[in-house]
Every structure is written in C-alpha cells, then in structure tokens.
2 protein chains.
Amino acid sequence: MSARQVTLAEVAKQAGVSLATASRVLNGSTRQVSEELSDRVLRTAEQLGYVPNASAQALARNSSSLVGLVVHDITDPYFSCIAAGVTRVAEEAGLSVVLGTTGRRPEREVELLSTLRAHRARAVVLAGSRTTDRSAQSRLAAEIDAFTELGGRVACVSQAKLGTDTVVPGNRAGGRALARSLAELGHKKFAVLGGPSDLVVARDRLAGFKAGLADAGIAPPVVINGAFTRDGGYEAALELLASKSRATCVFAVTDVMAMGAMAALRERGVRVPEDMSIAGFDDIPTLRDTVPALSTVRLPLEEMGEIAAGLVLDAGGDEPRTVRVAGEVVLRASTAHN
Amino acid sequence: MSARQVTLAEVAKQAGVSLATASRVLNGSTRQVSEELSDRVLRTAEQLGYVPNASAQALARNSSSLVGLVVHDITDPYFSCIAAGVTRVAEEAGLSVVLGTTGRRPEREVELLSTLRAHRARAVVLAGSRTTDRSAQSRLAAEIDAFTELGGRVACVSQAKLGTDTVVPGNRAGGRALARSLAELGHKKFAVLGGPSDLVVARDRLAGFKAGLADAGIAPPVVINGAFTRDGGYEAALELLASKSRATCVFAVTDVMAMGAMAALRERGVRVPEDMSIAGFDDIPTLRDTVPALSTVRLPLEEMGEIAAGLVLDAGGDEPRTVRVAGEVVLRASTAHN
DNA sequence: GGAGCGCTGGAAAGCGCTTTCCCGCCACGC
DNA sequence: GCGTGGCGGGAAAGCGCTTTCCAGCGCTCC
C-alpha cells in the first residue's frame, strides 16, 4: 500500500539528467533544454507516472494554484450559479477551486479566509453578501488585508466597501425598476418581504424598491423582515397575511424567498396573481419553470461569477476595480394588473 | 505590497525558543512543552499574526488538508445538495474542500483526479454518476488506483464498481417502488424519460421502474432517452407528445428532468395531473414548492454527501465499504388516479 | 552513590521542488 | 589568438515546516 510517490529526482536519475534539467523540462521554465534531453525526461516521466507534488511546487515558487470561493450556502441556487461561473474560469486557468461555506456566519468567513491564507491561495472570491455589523466588517477587512499583504487578490460579489475588486449587481436600480414596472400594472399598496435588516444586498434591493414606488407617487410599502431563505419567505408571508395588510402586490427580495412566500399564500388559499401579485429578484434558472412563472429581476449569476474570477485572476493594477452588472426586470405570470 | 509572510522561524526567534519548540507548540505534537515557553510562543505568534504555511506543512508531513469533491455541474441541485453535505463534514474535520466540475466529460474526471493527486489530497468524493463506457471507466479506475497508491482515499456516490467506498442510493428499489405506487393509482400505460442510455444511475432507475411495472402486470413503458438535464426532460417530453403515445403517466428519471417535462406539457396544453401524471426522482428541496407538487422518490442528498465524506475521512479497513441509502416514494399532486 | 529513566529543549536532516549561480562549450569579432 | 558573450547543463541553496536524534537535567531505585 501507499507506494512512495514518484519524485522529480527519480525521473531525473532514470533519465540520466540533473534535477534542474528535469524540472526545467517538466514545467516550461524560461530556460531552453535540448530536444534530446527534453524528450528523454518527458518519456521517463510519462513512463513512471510522475505527477509533481503541488505542495512542494507551491513552497518553492511561493505561490499556489488554489483559488478560494466563499459562499454562504452552496445549496442556494444563487450561490451555486455564481460558483459555476467561478469554477469554470478558474479551471480554464489551470487552477483549483477550494470551496468554503459560511452558513451565513460572519466569523466563519474570517476563518475561511485565514485557512485560505494558510494555503497561500492566490486569490479569493467572496460571494456572500455583507452585513452592516461594524465589528464583523472590520475583522473581515483585517483578514482581507492580511491576505492581500501576502500577494493574494480578493474580489467580492455584491456591494462591498472593502477596497477590493467588486462585481456589483444593480440591486438598487433593479429594485427601483421593478417597483416602477409593478406600479405600472396598477398596484397601489405594496408589501416587501425584506430579508434580514442588516444584510446589504437586502437593504439595497429594498431601498431601490422604495425609491421606485416614490417615483410613481406610491406610499411606502409595509416591510416584513425575516431570514434570507425559502423558509424566511414563507414565514414573512404568513406574517403579512396575519397583519391584514391591504397590499395587492408583494416583493420578496430574492426568488428563493418568493418561492417560500408563494407556498404560504397557496396554503392560505390566496391565489397568485389573482388575489396577490408577487415578484422576486435574481431570476434563478432552476426556478424558471415554476407555476405561476415568477416575475423578477434577472441577474446574470454565472456571468457574475466569471467576472469575479476574471478580476481576481488577471493581476490588474492596484486600484480596486468595480464591474457593475445590470438587472433586468422580467414580468411573468406571478404579477397581474390591478 | 506583498510583505513577506511571517514564518515559524521568526516567531521562534522573537519568542527566544528553537524552531522545534515553536513548531511543537503551534500544532499540538505529542511532545510536551513547558507552560512558560508555550505561552511565550503562543503570544508572539498571535502578536505577529502568524499563519502556518499549509504547503510547507503538507510537504513536511507528507499529507495535506485537502479533500476533493468532483461533480458534474454544481448548478444542478442534486450535486449542490451532496456538496453541502460533503463540505459540512470536511469543514468540521478541519479540512478544505476543493471542488472540481466535469461538465459530464469523463476525461475531465480523470484530469481532476490527477490534479487532486498532485495536491496530495487526502481523500476524494466522486459524486458524478458513472457511465457504462468501458474505456473511460478503465482510465478512471487507473487514476483511482494511482490516487490510492499515494495513500489517498476515494469514495463514490452512486453505483460504482471501482473497488472504492460507495454510497449507493436505492435507485433500482426506488424506481420499482415508485412504479408500483403509480400502478396502484390505476395507470396502465407508462412512459419513461430515461436520460442518457449509458448512465448507470439512469439505467438503474429505469430498470427498477420496469421491474415494478412487471410486478404489477403492466406492459413495459415507452422509453425516450435524452440529456440528464432540465432541457433533456423538456425535449424528451416533446418527443413523447409527438409520438402520440397513449401513456397516462410519465416517469422522468430525475426531478430536474421532470421539471423540464412539465414545462413542455404545459406549453402544449397538457394538464398535469388531469391529462397526464408525472413523477420524478430525487426530491430536490428547492423544487418542493412547485405547482403541482412533484411526486418523486426522496433521496437524502445532503446526508449522502455527509456519509460519503464520513467514509472517506475515517480511515477504515481495506475492504471497500458500501452504504445503502433507501429512497422513499412520495406521492404528491403531480400524479392522479386514473 | 551511580545507573537508569523520563522529560524537555535544541540542532539539524529532510520533505520535493525551483532557481540562482557557476562552469564548460562554442561562435564570433577584433 | 584571445577576449566576449550566449547558451545548455549541473550543483546546490533555499522555500517553511516536521521530526528524529541527541544533550542535559532531575528523579527514582537498587
């Protein structure tokens, strides 16, 4: 069992060349090696089934081939889509993605970053949404600094004032545009299932939505906060119904929450969209086949992951770059005229 | 920029102890260190912001803290659920998960395994379903051997005759039980959207389903093959409709395919379940709120991921272990009496 | 009282690779 | 003919850590 690994030294010896030459052949250094030796090395490597030891390489080169990806919950389609984009780009660049999940605990994010630093990951994409908790923010910022000090790059998806490269979805603008579109359908009274009040993404979408309503001269919506999950949407919707609100249209700040909300409405005999219109945000691909089809703001999630990975992988200048990604309002069957 | 990292040597020097002592303090070796020195080391490490270099540790210890996870498509909820289970267990064990996606290309699986071998990952979970392609299988088997030779462990989720630890979902049994349940609803003519004909998972579910129908004395179903995706289900359903089959009940071998199929039926004005009953397989959590609610065979996907990670992480004997996981038929609104 | 033992601390030899530095060789220009 | 420079090859010095081995110390036990 556990046969000793084949080392470069063995390959070199077997091929009758020095360690240096073997190394040069097997990893395209700047130095030339004569075709004869090169061939011999390649052949013996092949024959012995040589695979370089990534740890040793990382150590010697002082840079690894790892890219970090930190998400809250890989089960959430929002994150899995972003993850798909990130992994595609990373794998094309010959890098390996190490996936960390925080379960929405900010301190976990810091831990993961520290682990990634230990691995000397060359870059990290932080896909989780930020909170407004100052102390968590500052600890995270400190970790990010430590990470970049070591020469690693960091990019965030979603709003983040952390001095890193960032992919910023148009949360505010999207919320606003959505509100206007819904107002055009004739709705006058709105409710928002707003997620946790300390989550930047949720706040932005809500703020945008409010602004959009204001644009249309409509009174501010009832806002019900809750968890940023399917169950959060479900609970919030129940609460809304219990509150006897007169709203005819509900905006859930994510599609996933909207799904939960629709389930709650259905259980209570509230028809969508006849009795209540409902809209979400994200346009999760997996959820596009639901009935009634969900009105939402489409975000190119996979592309966002690709962009983030792109930012973080090509060195770029020192200036933190920001790429804005627009959301597009998509009205479907879950919202009706009023 | 890129301030040199803090090394163990610096910590040791600063604390006025030897490298050996510092190392022993900072990673719980078997050796005792006096409280005084230990404290001093801990304090200076803290103060300097020391983070061990994982590559160096891996090299010196000849074992890394990486666990591989190979899936076809992280966007597919089937895989993201399994991934959640694997990452949870791995992170609890203090290990990092490196995620690889194959895009359903068998050769990519081999590449990823080789990369993982380069990283000396201590274990790998292969979550993608196997094909019946002999040559791909044998190349994969060779890679797996090479990997285990180095002392790494491998576990597969789903059927696999590769001599590794395996988590085997009850695909056959589940398909069979589902067929019986549907037969009890009074259906006499069935169709199956069977996925790719060379995918073991798909074949098993289909075979089980056929057996179940046979148990109930019902004629074999029409089988339409297609891609193992939402679109595959959509296309297959269209094909089914075009074929003028008399089937009153369709079994799609995955929930995701069933979603696609339902979309196709809806577009063609076929009502579910009034005109056509439909059932899936997996019971994807994200899809549970769809209307009509999908009848399916529930698999504890996250738990399967946890089990696989568990198998692969606790050393175990040499005997490849197999854990069987039963599917449970869940009849919901998408299937009606006939 | 000395041999033997257990215990703590340090020196140093690796782990497998990259890369610098040096050496010998050849082609070239004066 | 000799200095120069370029080029292909090898020796060896690390990269940051772990771990073996040894030294020294304070005990206990004949």
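Model, not experiment: these values are computed from the prediction. Lettering of chains follows the sequences in order, A, B, ..., and the numbering in each one begins at 1. These numbers come from the heavy atoms of this one structure, side chains and all, not from hydrogens, waters or symmetry mates.
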Whole-Å gap separating [atom2] ([N]) and [atom1] ([X]):
X: B:L26; N: D:dC17; atom1: CG; atom2: P; answer: 9 Å
X: A:Q5; N: C:dG16; atom1: CD; atom2: P; answer: 5 Å
X: B:L19; N: C:dA12; atom1: CG; atom2: P; answer: 12 Å
X: B:L59; N: D:dC15; atom1: CG; atom2: P; answer: 14 Å
X: A:Q32; N: C:dC25; atom1: CD; atom2: P; answer: 21 Å
X: B:E10; N: D:dC17; atom1: CD; atom2: C1'; answer: 13 Å
X: A:R61; N: C:dG16; atom1: CZ; atom2: C1'; answer: 12 Å
X: A:D39; N: D:dG9; atom1: CG; atom2: P; answer: 12 Å

Examine [N]: is either OP1 or OP2 under 4.0 Å from a nitrogen or oxygen in the side chain of [X]? Give yes or no.
X: B:S23; N: D:dT18; answer: yes
X: B:S55; N: D:dC17; answer: no
X: A:T21; N: D:dG10; answer: yes
X: B:N27; N: D:dT18; answer: yes
X: B:S18; N: C:dG9; answer: no
X: A:Q57; N: C:dG16; answer: no

What closest approach, in Å, do [X] and [Y] show between heavy atoms, and which atom pair accounts for it?
X: A:T166; Y: A:L311; answer: O-CD1, 4.0 Å
X: A:R122; Y: A:S63; answer: NH2-OG, 3.8 Å
X: A:S55; Y: B:H119; answer: OG-O, 4.4 Å
X: A:L112; Y: B:E91; answer: CD2-OE2, 4.1 Å

Pairwise 5' ranking along DNA chain C for B:N62 and B:S34, keeping only the more 5' one: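 On the 5' side of the pair lies B:S34.
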
Nearest-nucleotide comparison on DNA chain C, the residue closer to the 5′ end among A:A60 and B:A60: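 Its nearest nucleotide lies further toward 5', so the answer is B:A60.
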
Sugar-phosphate only, base, or nothing, as touched by A:N53 at under 4.0 Å among non-hydrogen atoms: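 Here A:N53 touches the backbone only, sparing every base.
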
Result of checking A:V157, A:V89, A:V97 against A:V125 for side-chain contact (heavy atoms from CB on, under 4.5 Å):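 Exactly one option meets the side-chain contact (heavy atoms from CB on, under 4.5 Å) with A:V125, and it is A:V157.
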
Option among A:T164, A:I144, A:V71 that satisfies the side-chain contact (heavy atoms from CB on, under 4.5 Å) test with A:L126: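 Exactly one candidate clears the test, A:I144.
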
Side-chain H-bond candidate by donor/acceptor type, A:S135 with A:S138, under 3.5 Å: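 No - no donor-acceptor pair under 3.5 Å links their side chains.
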
Heavy-atom check, side chain of B:R120 versus side chain of B:L66, under 4.5 Å: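 No - every pair of side-chain heavy atoms lies 4.5 Å or more apart.
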
Net bend of the helix from C:dG1-D:dC30 to C:dC30-D:dG1, end axes of five pairs each, nearest 10 degrees: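 The two end axes of the helix from C:dG1-D:dC30 to C:dC30-D:dG1 meet at 50°.
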
Worked verdict on A:V98 versus A:L69 for side chain to side chain contact (heavy atoms under 4.5 Å, CB included): CA-CA 6 Å; A:V98 356; A:L69 169 59; over 6 Å; no

Inter-residue atom distance A:H72.NE2 - A:L199.CG, 0.5 Å rounding: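 If I round to the nearest 0.5 Å, the distance is 6.0 Å.
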
Dump the pairs, protein N or O against N or O of nucleotides 20-24 of chain D, anything under 3.5 Å, distances to one decimal.
residue	atom	partner	partner atom	Å
D:dT20	O4	B:R24	NH1	3.4
D:dC21	N4	B:R31	NH1	3.3

